[in-house]
Amino acid sequence: MTVPYLMEDRREAGRLVAKVDADAWVRTYLDPVLPSAPGTRVLDVGAGPGHIAEAVLRARPAAEVVAFDGNPARLAAGGPAGTGPQRRSGDARALPLEDGSFDVVYSRLMLQYVAERDVAVAEMARVTRPGGTVVLFDLDGQLVWHDPLGPELRALLDPVTQALAAAGFDPHTGRRLYGLARRAGLTDLDVRVDPYHLIAGRIDPVQRGQWELKLDIARPLIARALGSPQAGDEAVAAFLAHLDSAETLTYSVAFTVTGRRA
């Protein structure tokens with residue numbers, strides 16, 4: 001059994017790679033806690049195609065990096081076996097890894113899709129060595145923070161977000177990370193908040209293309225939430241029209257919680 005992922009699609013691996021500068025993300029969020037000693041062991045939980053894990057290996061070539069994801073096909077899309085980080089698949093809620101076997105364990109945008117977040121974070125803490133570091137990175141406000149939010153868009157967003165919640169998705173996972181880390185027994189907690197989505201006025205073409213792909217991948221779930229494929233298509237069109245407007249603001253923030261295993 002693996003964690004269900006709402007965005008399962010053959011195009012998802014490519015979307016995940018295109019949406020982030022992996023090297024810049026590692027420099028900002030992981031480099032301060034990554035030991036430089038040879039043999040340092042690093043685990044990426046919810047690694048997707050392993051693009052962030054590959055950046056970790058570029059930053060620390062002497063490290064042993066493991067990319068872990070619930071979908072073997074998505075992992076394989078990141079590169080052939082035997083190149084780059086090790087690739088392992090399984091359930092983030094029951095990591096098939098030994099206690100205390102990693103120096104740094106992190107997840108990026110994974111916990112928002114996991115209903116049993118406490119279990120997953122406890123597992124991340126378990127496989128971290130005493131004195132090692134756990135980094136949790138996730139969003140708050142994704143899909144739901146807009147201004148103005150008129151009645152038409154609200155009528156579309158409410159049933160879609162309710163359907164996502166029923167499937168385990170939480171758009172406010174970011175604010176939960178601190179409590180999750182505390183309950184997992186992590187200490188010396190550091191909390192950071194940064195802008196993530198920030199679309200003021202008409203969305204630029206590159207971002208629009210990313211959102212079009214994301215919404216197209218999510219279209220079947222949106223159609224189920226609204227009762228028909230036609231309603232799903234109308235919802236996607238309405239959301240894109242909102243992003244295309246010069247009068248609107250859409251935003252979310254990213255929380256990063258870093259803690260030490262006692």
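Please read these numbers as outputs of a predicted model, since none were measured by experiment.
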If you round to the nearest 0.5 Å, how far is [atom2] of [Y] from [atom1] of [X]?
{"X": "D138", "Y": "L177", "atom1": "CG", "atom2": "CG", "result": "5.5 Å"}
{"X": "R261", "Y": "R129", "atom1": "CZ", "atom2": "CZ", "result": "10.5 Å"}
{"X": "L249", "Y": "Y251", "atom1": "CG", "atom2": "OH", "result": "7.0 Å"}
{"X": "D204", "Y": "I199", "atom1": "CG", "atom2": "CD1", "result": "8.0 Å"}
{"X": "S101", "Y": "E64", "atom1": "OG", "atom2": "CD", "result": "9.0 Å"}
{"X": "Y106", "Y": "T258", "atom1": "OH", "atom2": "OG1", "result": "13.0 Å"}

Candidate pair H172 and F255, rule ring-ring contact (aromatic ring centres under 6.0 Å, His included), full reasoning: CA-CA 10 Å; H172 298 301; F255 276 80; over 10 Å; no
What closest approach, in Å, do [X] and [Y] show between heavy atoms, and which atom pair accounts for it?
{"X": "A262", "Y": "T187", "value": "CB-CG2, 4.2 Å"}
{"X": "G39", "Y": "D103", "value": "O-OD2, 4.3 Å"}
{"X": "V66", "Y": "R41", "value": "CG2-NH2, 4.4 Å"}
{"X": "T133", "Y": "T128", "value": "N-CG2, 3.6 Å"}
{"X": "P159", "Y": "A155", "value": "CD-O, 3.0 Å"}
{"X": "G50", "Y": "A67", "value": "CA-CB, 4.2 Å"}

Is it true that E247 and R202 have a side-chain N and a carboxylate O under 4.0 angstrom from each other? no
Please determine if D188 and R260 form a salt bridge, counting it only when a charged side-chain N lies under 4.0 Å from a carboxylate O. yes
Suppose we screen for ring pair (Phe, Tyr, Trp, His ring centres under 6.0 Å). Which residues come up paired with F68, at least two apart in sequence or across chains? none
Sub-3.5 Å donor-acceptor pair from the side chain of [X] to the main-chain atoms of [Y], do we have one?
{"X": "R117", "Y": "L180", "answer": "no"}
{"X": "D140", "Y": "R175", "answer": "yes"}
{"X": "R93", "Y": "E123", "answer": "no"}
{"X": "R87", "Y": "L75", "answer": "yes"}
{"X": "R58", "Y": "A53", "answer": "no"}
{"X": "H146", "Y": "L143", "answer": "yes"}
{"X": "R60", "Y": "P35", "answer": "yes"}

Name each donor-acceptor pair under 3.5 Å that joins a side chain in residues 221-232 to protein atoms two or more places apart or in another chain, with its distance.
unit_1, atom_1, unit_2, atom_2, d
S228, OG, A231, N, 3.0
Q230, NE2, E234, OE2, 3.2

So T256 and V191, side-chain contact (heavy atoms from CB on, under 4.5 Å) or not? Walk me through it. CA-CA 6 Å; T256 309; V191 180; over 6 Å; no
How about W211 and H197: are their ring centroids closer than 6.0 Å? yes
Tell me yes or no: between the side chains of Y178 and D190, is some donor less than 3.5 Å from an acceptor? no
Side-chain donor-acceptor pair under 3.5 Å between T250 and H242, yes or no? yes
Using the six-membered ring wherever Trp is involved, compare the ring planes of Y113 and F169 and label them parallel, tilted or perpendicular (cut-offs 30° and 60°). tilted
Show, in sequence, the C-alpha distance, side-chain angles and deciding distance for L139 and T173, and conclude whether the side-chain contact (heavy atoms from CB on, under 4.5 Å) test is met. CA-CA 6 Å; L139 301 187; T173 297; over 6 Å; no
Within one Ile-Leu-Val-Met-Phe-Trp-Tyr cluster: V119 and V134, side-chain cutoff 4.5 Å: no
Common cluster, V56/V20, ILVMFWY with side-chain heavy-atom separation under 4.5 Å: yes
